[in-house]
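Scope of the values below: all heavy atoms of this structure, side chains included, with no hydrogens, waters or symmetry mates. Values in this document were obtained by computation on a predicted structure and should not be read as measured data.
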Amino acid sequence: MTSPPTTAGATHVEVRTGAYADSVTLLQVSKDVAAVPGVENVQVAMATPLNLDVLASMGFDLPATTPNDMVVALRVAPDGDLAAALAAVDAALSRKTRSEERTEREPHRTTGSAMSDSDADLALVSVPGEHAFVEAMDALDLGRDVMVFSDNVPLEQEIVLKQRAAERGLLVMGPDCGTAVVGGVGLGFANSVRPGPVGIVAASGTGCQQLMCLLDAGGAGVGAALGVGGRDLSGEVGGLSTREAMRRLDQDPSVALLVVVSKPAADEVAADLRALATTLDTPVEFALLGPAQPDLTEAAEKALEALGLPGPAWPTWGRGGAEAAGSGYLRGLFVGGTLCDEAMLIAAASLGPVRSNIPLSPDLALDATLTADGHTMVDFGDDELTAGRAHPMIDPTLRLEHLARAAADPSTGVVLMDVVLGHGAEPDPAAALAPAIRQAKDTARAAGRGLPVVVAVVGTEDDPQQLSRQAAGLAEAGAEVFLSNAQATRRAVDLAGGAR
């Protein structure tokens with residue numbers, strides 16, 4: 001179904017039956033077309049239920065589709081050129097097709113066939129969550145470790161995979177293992193950190209990244225980071241992969257200090273891992289988030305002390321001209337689930353209950369609007385918000401929309417955000433976020449309110465986005481910027497009245 005591409009100031013919705021491209025490719029196509037002069041809105045996406053909801057929320061009228069169809073939706077300004085925009089779509093998709101045609105041979109279609117043609121000892125699985133189990137099990141059956149980058153994998157399947165791996169002395173990293181360093185090579189969303197004597201076991205992606213970047217800033221290097229998935233330390237999974245990862249790093253002579261980092265863990269699992277640590281030859285530091293537990297910055301400082309390094313003054317940017325907060329609530333808008341957890345733990349101790357889509361207790365859960373009358377923190381990287389769309393570390397669209405809503409809400413007093421740099425993440429996050437922060441402040445100012453914005457930037461100078469460049473851009477837009485998420489949260493809490 002195609003609208004005639006002839007009229008300026010028009011809306012065009014086209015269904016391309018049987019056409020397919022992966023979500024990351026289509027995100028880049030959409031970004032390329034959005035840069036065409038006169039284009040107001042554009043979304044090129046597969047017709048999954050979630051994508052159709054997004055298109056409908058953008059005001060596009062949609063015909064009947066199936067999930068195997070590609071939808072091209074465009075809206076141009078009165079002085080725009082719809083034909084030029086459609087030509088840009090075709091050109092971007094054509095570049096992708098030509099790239100595929102340059103492949104010298106037919107790619108393997110299953111993990112099993114790929115591993116049978118390779119001597120690799122680690123398989124990386126990155127497919128839609130409903131298909132990840134079969135591919136990961138193929139790797140285990142062939143005697144290989146597996147890193148499951150895929151999210152939205154059912155818990156019961158994760159348990160089966162990890163039980164099978166434990167029986168065979170293998171390691172399952174994930175599901176939803178977003179960050180790892182194996183053999184000195186970063187996998188997934190990995191930061192560029194100096195090599196060194198620290199080995200990390202991480203039931204947390206962005207928690208691992210925060211720890212690596214703090215250690216790097218403190219002069220300590222990381223030689224290995226084995227992600228095990230955010231549910232590994234739950235009572236249901238029982239830390240199966242964490243145990244195997246700890247044993248492996250203990251046997252690595254290059255690892256002088258082992259650090260275990262996790263989202264809030266089940267008490268009994270945490271106790272068992274601490275007991276395991278006493279049997280290892282390598283010293284172990286724990287960074288298990290929870291009430292009365294060290295935050296990630298404190299854990300990094302303890303690790304540096306254990307290595308004989310002084311604790312640094314963690315860098316900040318833009319602290320000079322902070323505006324006063326209005327009377328209102330703290331709104332946290334996060335791309336990292338562990339960073340959101342850490343912020344909620346810190347904020348709740350001073351401000352009281354914090355509502356969230358990943359709440360610290362079930363009674364504090366947000367509804368589908370992701371808003372509430374009170375302090376709120378949203379993890380935009382949660383599985384429910386990434387089904388059918390790119391992770392917010394790649395596509396910031398959803399979070400930017402909520403930033404604009406928070407700025408327009410008179411009950412918002414302070415905004416707290418994170419930005420996570422590294423390979424695989426958005427190439428220049430400040431390019432989109434800095435203008436959005438300026439607009440948010442202008443919106444509040446026009447209503448007679450102040451709106452402080454506090455940002456934690458997790459990254460290093462050697463990351464492709466460059467930590468100092470990103471931080472300076474956000475500070476120039478009026479944000480207070482920290483390397484430490486814990487310090488950023490405490491500053492936001494102070495601005496929201498927690499210190500009083």
Side-chain angles (χ1 to χ4, degrees), residues 1-17 19 21 23-48 50-65 69-97 333 380 388-390 392 394-409 426-447 451 473-474 476-478:
M1 172 179 175
T2 306
S3 303
T6 56
T7 307
T11 295
H12 173 89
V13 177
E14 175 184 346
V15 176
R16 301 189 177 186
T17 301
S23 60
V24 175
T25 296
L26 294 181
L27 171 64
Q28 189 58 55
V29 170
S30 298
K31 285 188 172 182
D32 291 347
V33 178
V36 174
V39 173
E40 293 183 333
N41 295 100
V42 57
Q43 187 84 348
V44 183
M46 298 306 296
T48 63
L50 181 58
N51 285 339
L52 293 178
D53 288 344
V54 171
L55 286 160
S57 71
M58 296 171 69
F60 291 109
D61 293 328
L62 302 171
T65 60
D69 297 331
M70 181 187 296
V71 179
V72 177
L74 288 162
R75 185 177 295 113
V76 297
D79 59 347
D81 187 335
L82 180 56
L86 286 170
V89 172
D90 292 335
L93 289 171
S94 177
R95 284 194 296 273
K96 181 250 181 195
T97 301
L333 308 173
F380 290 96
R389 69 162 66 234
I394 300 172
D395 179 8
T397 304
L398 187 59
R399 183 167 73 157
L400 294 181
E401 291 174 357
H402 279 264
L403 173 59
R405 293 178 191 174
D409 182 353
E426 195 179 358
D428 186 7
L433 184 54
I437 289 173
R438 289 193 189 93
Q439 182 59 55
K441 287 178 168 289
D442 288 345
T443 297
R445 195 175 297 116
L451 184 63
L474 297 171
E476 186 179 349

Do Arg16 and Val89 have side chains that get closer than 4.5 Å, going by heavy atoms?
yes
Per side-chain contact (heavy atoms from CB on, under 4.5 Å), Met70 is matched among Asn51, Thr65, Leu93 by Leu93
Non-hydrogen atoms of Val54 and Gln43 that approach each other most closely
CG1-NE2, 4.0 Å
Looking at CD of Glu476 and CD1 of Ile437, how far apart are the two atoms once the value is rounded to the nearest 0.5 Å?
11.5 Å
Kindly say whether Ala91 contributes a backbone atom to a donor-acceptor pair with the side chain of Ser94 at under 3.5 angstrom?
no
One should read off an interatomic distance between Thr11 OG1 and Met58 CE, to the nearest 0.5 angstrom, of 10.5 Å
What distance do Leu62 atom CG and Leu55 atom CG have between them, rounded to the nearest 0.5 Å?
5.5 Å
Under 3.5 Å donor-acceptor, Ser30 side chain and Val44 backbone
yes
From CG (Asp69) to CD (Glu14), nearest 0.5 Å:
11.0 Å
Give a yes or no answer on whether the side chain of Arg75 reaches the backbone of His12 with a donor-acceptor pair at less than 3.5 Å.
no
What's the shortest heavy-atom distance between Ala85 and Val33, and which atoms?
O-CG1, 3.9 Å
What pair of heavy atoms forms the shortest contact from Ala10 to Leu82, and how long is it?
CB-CD2, 4.0 Å
Is any side-chain heavy atom of Asn41 closer than 4.5 Å to a side-chain heavy atom of Leu74?
no
One should read off an interatomic distance between Leu433 CG and Leu403 CG, to the nearest 0.5 angstrom, of 7.0 Å
For Asp32, what residues pass the salt bridge (charged side-chain N to carboxylate O under 4.0 Å, His left out) criterion, not counting sequence neighbours?
Arg95
Rounded at 0.5 Å granularity, tell me how far CG in Leu400 sits from CZ in Phe380.
9.5 Å
Side chains of Val13 and Pro63, heavy atoms from C-beta outward: is any pair under 4.5 Å?
yes
By the salt bridge (Lys or Arg N to Asp or Glu O under 4.0 Å) test, which pairs, at least two apart or in different chains, include something from residues 426-440?
Asp428-Arg469
Which atom of Ala477 lies closest to which atom of Ala434, heavy atoms considered:
CB-O, 3.4 Å
N/O donor-acceptor pair under 3.5 Å between Arg445 side chain and Leu451 backbone:
no
